[in-house]
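Dumping the structure here so I can ask a few things about it.
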Amino acid sequence: MSLDELAVETCSWAFGNSGTRFKVFAQPGVPRDPYEKLADAAQVHAYTGAAPSVALHIPWDRVDDYAHLARYAGELGLRIGAINSNTFQDDGYRLGSVCHPDPAIRRQAVDHLLECVDIMDATGSPELKLWFADGTNYPGQDDIRARQDRLAEALAEVYARLGEGQRLLLEYKLFEPSFYTTDVPDWGTAYAHCLKLGPKAQVVVDTGHHAPGVNIEFIVAFLLREGRLGGFDFNSRFYADDDLMVGAADPFQLFRILAEVLREPSGGIAFMLDQCHNIEPKIPGQIRSVLNVQEAAAKVLRIDRAALSAAQREGDVLAANAVLMDAFNTDVRPALAEFRAAKGLDPDPMAAYARSGYFAKICAERVGGAQAGWGA
């Protein structure tokens, strides 16, 4: 893989007002509808040249005409990426969605997932991304095995609805909002369900959804070996699912993950951002995240794979580690500036956006009407 091939998908919800479950801080110039979210996403792509697709979240991005929304994206030089479902905000989902003990609630949740596949058809989206908040808070609250049966039944119905060129990406999360059991808590559970569903089902790894100290690159390597790594939700964490900018807390972890992914052509693996810019400005936050992924990838592409393999074969522990560290410690920013200039882009995307006047423009234009938000 080359830097020319690297594409990072932005997420529509990062451009709207977003934050924690405690407070969402409104910002000026925030989009009022999905069309304005796409317009902002186009700015990220215009200055980085590496963000050609935008993930949608339903119902946050619901419109009357999805084909029209997709055409508008095309006019902006974008395409619609993954369709993200929402089975956690309706009042009926208090005890779960597809794993709920009430079949009527399960039916409501599955119908929503099928609606998301309809939206995929209308927009040309290749991926349905599923994350379930389902779980329990107390021992004995529900039958753990029965909930897995319900989950498998729901996934099978949705999987059967997928069309040609479409796939299901199943996300996992260690905890939150369920604290005793989570119905898809880890990569093994997600992998087992995907394996039973078929080749169109793959696992998506959110880098914030693990216990401290978990070796995420091992998970990545295993899923790659099995052909079941569907993509990433890139963000950064200090404690848990912080949804901060990717690479902010541990750029070396991002490097290590990409060192596994970029060992071979990574076609079919979706690099997606999943972030909530609560206190930082929206568009610059997404630009910085794309640049962080680019920088990590540029370092990975400098790994001397032949020297690394030789050191590994010889059992030279320090030499093998030194090969990786030499690549990680390389300052790739001058090379990336030259790379962008050669593509007709400004060498410094952050500064170029700041000079553009776009932020002042949207602050003036987007007065009145309901700002987009994620409902927190």
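In this chain, numbering begins with 1 at the start of the sequence shown. Only a predicted model underlies this, so the values are computations on that prediction, with no experimental measurement involved.
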Linked, directly or transitively: Val204 and Trp13 (ILVMFWY side chains, under 4.5 Å): no
Tyr180-Gln141 side chain donor-acceptor pair, cut-off 3.5 Å: no
Any donor-acceptor pair under 3.5 Å from Lys299 side chain to Ala259 backbone: no
Contact check, side chains of Lys282 and Ser18, non-hydrogen atoms, under 4.5 Å: yes
Least distance between heavy atoms, Ala51 atom then Leu78 atom: O-CD2, 3.7 Å
Trace of the side-chain contact (heavy atoms from CB on, under 4.5 Å) decision for Asp121 with Gln166: CA-CA 9 Å; Asp121 292 340; Gln166 296 177 339; 2.8 Å; yes
Set of side-chain hydrogen bond (donor to acceptor under 3.5 Å, both in side chains) partners for Asp40, sequence neighbours left out: Tyr358, Arg366
Distance-minimising heavy-atom pair for Gln286 and Cys11: OE1-N, 3.6 Å
Sub-4.5 Å side-chain heavy-atom contact between Tyr47 and Ser356: yes
Donor-acceptor pair, side chain of Asn17 and main chain of Gln27, under 3.5 angstrom: yes
Presence of salt bridge, Arg145 and Asp143, under 4.0 angstrom: no
Distance flag, aromatic centroids of Tyr35 and His68, threshold under 6.0 Å: yes
Cluster link Val63 to Val30, ILVMFWY, side chain under 4.5 Å: no
Close side-chain approach of Leu229 and Val220, heavy atoms under 4.5 Å: yes
Trp131 and His209 aromatic ring geometry - parallel, tilted or perpendicular at 30°/60° bounds: tilted
Set of salt bridge (Lys or Arg N to Asp or Glu O under 4.0 Å) partners for Arg106, sequence neighbours left out: none
ILVMFWY cluster, Leu130 and Val184 together (side-chain gap under 4.5 Å): yes
Arg228 (side chain) donor-acceptor with Ala201 (main chain) under 3.5 angstrom: yes
Candidate pair Glu176 and Asp241, rule side-chain contact (heavy atoms from CB on, under 4.5 Å), full reasoning: CA-CA 9 Å; Glu176 194 190 35; Asp241 188 23; 4.3 Å; yes
Pairwise side-chain contact, Val261 with Val300, heavy-atom cut-off 4.5 Å (strictly under): no
Aromatic ring pairing His57/Trp60, orientation class (parallel under 30°, perpendicular over 60°, tilted between): parallel
Greater than 12 external heavy atoms within 6.0 Å of Arg333's CZ: no
Heavy-atom pair of closest approach, residues Ser236 and Ala248: OG-N, 3.6 Å
Atom pair OG (Ser85) and CD1 (Ile58), whose distance is rounded to the nearest 0.5 Å: 9.5 Å
Same cluster (ILVMFWY, side-chain, under 4.5 Å), Leu113 and Leu95: no
Short side-chain donor-acceptor distance under 3.5 Å, Thr207 and Gln253: no
Intermediate values then yes/no, side-chain contact (heavy atoms from CB on, under 4.5 Å), Met120 and Leu128: CA-CA 7 Å; Met120 293 170 67; Leu128 172 66; 3.4 Å; yes
Sidechain-backbone polar pair: Glu260 side chain, Ile257 backbone, donor-acceptor under 3.5 Å: no
Short side-chain to backbone donor-acceptor contact, Gln371 and Ala26, under 3.5 Å: no
Heavy-atom donor-acceptor pair, Arg147 side chain to Asp142 backbone, under 3.5 Å: no
Non-hydrogen side-chain atoms of Lys196 and Leu155 separated by less than 4.5 Å: no
Heavy-atom side-chain proximity of Thr10 to Phe15 below 4.5 angstrom: yes
Shared hydrophobic cluster, Met325 / Leu254 (ILVMFWY, side-chain heavy atoms < 4.5 Å): yes
For Arg237, all residues meeting salt bridge (Lys or Arg N to Asp or Glu O under 4.0 Å), sequence neighbours excluded: none
Donor-acceptor side-chain pairing of Asn235 and Asp242 below 3.5 angstrom: no
Lys/Arg N to Asp/Glu carboxylate O, Lys129 vs Asp274, below 4.0 Å: no
Step-by-step side-chain hydrogen bond (donor to acceptor under 3.5 Å, both in side chains) determination, Thr189 to Asp186: CA-CA 6 Å; Thr189 306; Asp186 51 41; 2.7 Å; yes
Lys/Arg N to Asp/Glu carboxylate O, Arg150 vs Asp134, below 4.0 Å: no
ring-ring contact (aromatic ring centres under 6.0 Å, His included) partners for Phe25, two or more places apart: none
Non-hydrogen atoms of Arg62 and Pro34 that approach each other most closely: O-CG, 4.3 Å
Separation between CG of Leu169 and CD of Glu127, rounded to the nearest 0.5 Å: 5.0 Å
Euclidean distance, Thr136 OG1 relative to Phe179 CZ, rounded to 0.5 Å: 11.5 Å
Worked verdict on Val332 versus Leu301 for side-chain contact (heavy atoms from CB on, under 4.5 Å): CA-CA 10 Å; Val332 297; Leu301 293 174; over 6 Å; no
Point-to-point distance, once rounded to the nearest 0.5 Å, from CG of Leu56 to OG1 of Thr123: 6.5 Å
Those residues that, when tested against Tyr353, pass side-chain hydrogen bond (donor to acceptor under 3.5 Å, both in side chains) (two or more places apart): none
Parallel, tilted or perpendicular: ring planes of Phe271 versus Phe232, cut at 30 and 60 degrees: tilted
Exceeds 12 heavy-atom contacts within 6.0 angstrom, atom CD of Glu153: no
Nearest heavy-atom neighbours spanning Asn278 and Glu280: N-OE1, 3.6 Å
Check: Ala50 main-chain N/O paired with Thr48 side-chain donor or acceptor under 3.5 Å: yes
Which donor-acceptor pairs under 3.5 Å do side chains of residues 306-315 form with protein atoms, sequence neighbours excluded?
residue : atom : partner : partner atom : Å
Ser309  : OG   : Arg305  : O            : 3.1

Phe88 backbone acceptor or donor facing Asn86 side chain under 3.5 Å: yes
Shortest non-hydrogen separation from Ala154 to Val110 and the atoms involved: CB-CG2, 3.6 Å
Donor-acceptor contact present, side-chain Asp102 to main-chain Ala104, <3.5 Å: yes
Min side-chain heavy-atom separation Phe132-Ser97 under 4.5 Å: yes
Residue pair Ile119 / Ile80, side-chain heavy-atom distance below 4.5 Å: no
Donor-acceptor contact present, side-chain Arg161 to main-chain Glu157, <3.5 Å: no
